[in-house]
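Following: one structure in structure tokens, then a few remarks.
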There are 2 protein chains.
Amino acid sequence: MSPRDPNPPTRAPRRTKDDVVDAALRLLDGVGLPDLSMRRLADGLGVQPSALYWHVASKQELLAAVSGRILAPVVLRPGDPADLAGAAVTLGHRLHDRLLAHRDGAEVVSSSLALGLAPSPVHDALGDSAAARVIADAVTHYVVGFTFHEQQRRSADAWGAAAPAVSLTAASVEGTDDDGFAAALGLIAAGIARSADGVAVARGA
Amino acid sequence: MSPRDPNPPTRAPRRTKDDVVDAALRLLDGVGLPDLSMRRLADGLGVQPSALYWHVASKQELLAAVSGRILAPVVLRPGDPADLAGAAVTLGHRLHDRLLAHRDGAEVVSSSLALGLAPSPVHDALGDSAAARVIADAVTHYVVGFTFHEQQRRSADAWGAAAPAVSLTAASVEGTDDDGFAAALGLIAAGIARSADGVAVARGA
DNA sequence: ACCTGAACACCGTTCAAGT
DNA sequence: ACCTGAACACCGTTCAAGT
């Protein structure tokens with residue numbers, strides 16, 4: 001065991017920032033955002049709470065990294081529509097899917113985006129022309145907001161079955177949310193197709 | 001001073017739920033959502049923290065009541081456009097204005113709406129036809145999300161002047177946000193006008 | 001009807017010190 | 001480089017008891 005031994009004596013296992021973000025994402029899925037505390041996270045990693053602050057500067061920065069993980073697959077891929085409207089709709093659905101893939105995903109991403117701590121994947125994918133920015137804004141805020149609402153409804157239904165409200169009016173139990181989601185996204189797409197470049201809108205008081 | 005004296009001896013001033021909500025809204029404007037605690041609120045009212053729980057069941061219920069106050073003026077008024085697209089745009093601008101009128105207004109309203117604890121004024125104003133619901137969803141989520149982002153940007157700029165980013169690309173310093181906002185809202189309006197009733201949208205993987 | 005006092009079970013974050 | 005130990009300054013909420 002020379003000082004340069006490539007296999008030094010096994011020391012206590014140490015963590016990397018990636019490990020911490022991994023653990024945070026799994027804890028999020030396990031207990032939800034309200035119960036995702038730095039102390040619980042440290043517990044799961046077998047570490048003191050203060051140790052986390054060697055890896056991340058704050059809880060907000062950690063949640064931004066978690067958001068980055070959630071959003072990573074929201075990109076344009078070969079074979080995707082080349083026109084702005086088509087690409088925007090594709091990205092919108094992909095974003096929706098990713099947010100639903102993790103408990104409270106929309107809420108986590110919503111605040112990270114608002115704080116400017118996570119890059120917006122739709123903006124990144126569509127480029128930074130003026131028209132693209134407007135479209136990315138509309139799609140991103142609509143999808144995140146809709147999914148946030150959707151996820152709260154689901155967890156409320158799951159916890160207490162406090163009267164399924166007026167869900168009788170819906171024909172299909174599972175298809176309803178997705179249909180409403182797709183319809184409004186189509187609305188935005190129709191707006192993109194119609195307004196092309198110049199958008200005129202009357203300012204209502 | 002009979003037992004039925006209409007002007008009984010002045011007792012210690014007591015609070016109503018309205019007083020508590022008023023104080024919460026003023027405290028929100030003063031210190032922002034992260035520092036709006038039940039203890040601070042109780043302090044301002046000259047009361048023990050536990051006393052608040054006689055008036056409200058939880059902090060979330062209190063914030064929902066605050067949201068209700070913020071959103072109260074978001075209604076259709078005589079003289080407003082009668083068509084769905086025009087009414088939706090008018091309500092969108094009115095909602096935007098109300099959210100900006102209070103510190104962290106968009107964040108407070110965003111979670112109250114997601115939790116279903118505050119009624120959505122755009123949905124209420126547009127009625128509950130299938131088309132109206134889709135439009136109300138698009139407008140509400142877009143406006144709340146955009147304004148949430150906008151308010152975080154503003155308070156970040158205000159606190160630390162940590163590099164105004166790429167704001168040089170914008171011609172007018174103050175008009176920029178509003179222009180982007182109106183453009184995307186116009187996009188949605190154009191979608192409403194175009195899709196009329198039947199919306200066809202291709203589901204991108 | 002409205003509130004106090006005291007407690008329960010927690011938080012995020014900092015920082016000197018250890019290895 | 002990575003973590004411990006201990007503390008600081010807080011939280012939301014409950015509940016018996018007071019007036």
Side-chain angles (χ1 to χ4, degrees), chain A residues 1 3-6 8-24 27-28 30-66 104 107-108 111-112 115 117 159-160, chain B residues 1 3-6 8-24 27-28 30-66 104 107-108 111-112 115 117 159-160:
Chain A
M1 288 202 197
R4 309 234 160 167
D5 191 330
T10 317
R11 283 175 293 171
R14 317 206 111 161
R15 291 106 199 137
T16 167
K17 178 169 177 178
D18 255 52
D19 295 335
V20 173
V21 178
D22 271 354
L27 185 56
L28 177 68
V31 305
L33 186 58
D35 290 323
L36 168 43
S37 70
M38 298 299 269
R39 288 163 190 269
R40 260 189 197 248
L41 179 57
D43 255 29
L45 284 163
V47 129
Q48 295 294 317
S50 51
L52 298 176
Y53 290 87
W54 194 90
H55 298 282
V56 298
S58 65
K59 188 181 182 181
Q60 266 180 2
E61 195 213 276
L62 173 63
L63 291 178
V66 168
D104 295 332
E107 186 172 4
V108 172
S111 70
S112 291
L115 292 168
L117 297 177
W159 208 88
Chain B
M1 291 207 193
R4 309 235 159 168
D5 191 328
T10 318
R11 282 175 294 172
R14 317 207 112 162
R15 291 107 201 136
T16 166
K17 177 169 177 177
D18 256 51
D19 294 336
V20 173
V21 178
D22 271 355
L27 185 57
L28 178 68
V31 305
L33 186 58
D35 290 324
L36 169 43
S37 70
M38 297 299 269
R39 288 162 191 270
R40 261 188 196 249
L41 179 57
D43 256 28
L45 286 164
V47 130
Q48 295 295 317
S50 51
L52 299 176
Y53 290 86
W54 194 90
H55 297 283
V56 297
S58 66
K59 188 181 182 182
Q60 265 180 3
E61 195 212 274
L62 173 63
L63 290 178
V66 168
D104 295 330
E107 188 172 3
V108 172
S111 69
S112 292
L115 293 168
L117 297 177
W159 209 87

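Chain naming here is simple, since letters A, B, ... match the order of the sequence lines and numbering starts at 1 in each.
- The same atom, P, is picked in C:dC8 and in D:dA9; the two are 22 Å apart, to the nearest Å.
- Comparing D:dC2, C:dC11, C:dC3 by their nearest atom to the side chain of B:W54 picks out C:dC3.
- Residue A:R39 is in base contact, counting any heavy-atom pair closer than 4.0 Å across all strands shown.
- As a whole-Å value, the separation of A:L36 CG from C:dC11 P is 10 Å.
- To the nearest angstrom, P of C:dC2 lies 11 Å from CG of B:D19.
- Considering CG of B:L28 and CG of B:D35, their distance stands at 10.5 Å, rounded to 0.5 Å.
- B:R40 places its CZ atom 15 Å from the P atom of D:dA9, with the value rounded to the nearest Å.
- Taking atom CD of A:E61 as the reference point, atom C1' of C:dG12 lies 14 Å away to the nearest angstrom.
- The environment of A:E61 atom CD is dense: over 12 non-hydrogen atoms of other residues, nucleotides or ligands sit within 6.0 angstrom.
- Using a 4.0 Å cut-off, some side-chain N or O of B:Q48 falls inside it from OP1 or OP2 of C:dG5.
- Residue-level contact check: B:S50 touches the bases, meaning some heavy atom is under 4.0 Å from a base atom.
- Atom C1' of nucleotide D:dG5 and atom CG of A:D43 are separated by 15 Å, given to the nearest angstrom.
- C:dA16 is paired with D:dT4 under the Watson-Crick or G-U wobble criterion, all donor-acceptor distances under 3.5 Å.
- Picking from D:dG12, C:dC11, C:dC3 the nucleotide with the shortest atom distance to the side chain of A:S37 gives C:dC11.
- With rounding to the nearest 0.5 Å, the separation of CG in A:L63 from CG in A:L117 is 9.5 Å.
- At the phosphate of D:dC3, OP1 or OP2 sits under 4.0 Å from a side-chain N or O atom of A:R15.
- Nearest-nucleotide assignment on DNA chain C puts the 5′-proximal partner with A:D35, out of A:A57 and A:D35.
- If you take OH of A:Y53 and P of C:dC15, they are 13 Å apart, rounded to a whole angstrom.
- In this structure, the separation between CG on A:D104 and CG on A:L36 is 9.5 Å, given to the nearest 0.5 Å.
- Note: A:D22 CG to A:L27 CG = 12.5 Å, rounded to the nearest 0.5 Å.
- Taking atom CG on B:L52 and atom P on D:dG12, their separation rounds to 10 Å, with Å as the unit.
- Listed pair B:H55 / C:dA1 fails the phosphate criterion, with no side-chain N or O lying under 4.0 Å from OP1 or OP2.
- For A:K59, counting side-chain heavy atoms from C-beta on, the closest listed nucleotide (C:dT13, C:dC2, C:dT4) is C:dT13.
- Which of C:dC2, D:dG12, D:dC11 sits closest to the side chain of B:M38 comes down to D:dG12.
- Between B:L27 atom CG and D:dC11 atom P there is a gap of 11 Å when expressed in whole angstrom units.
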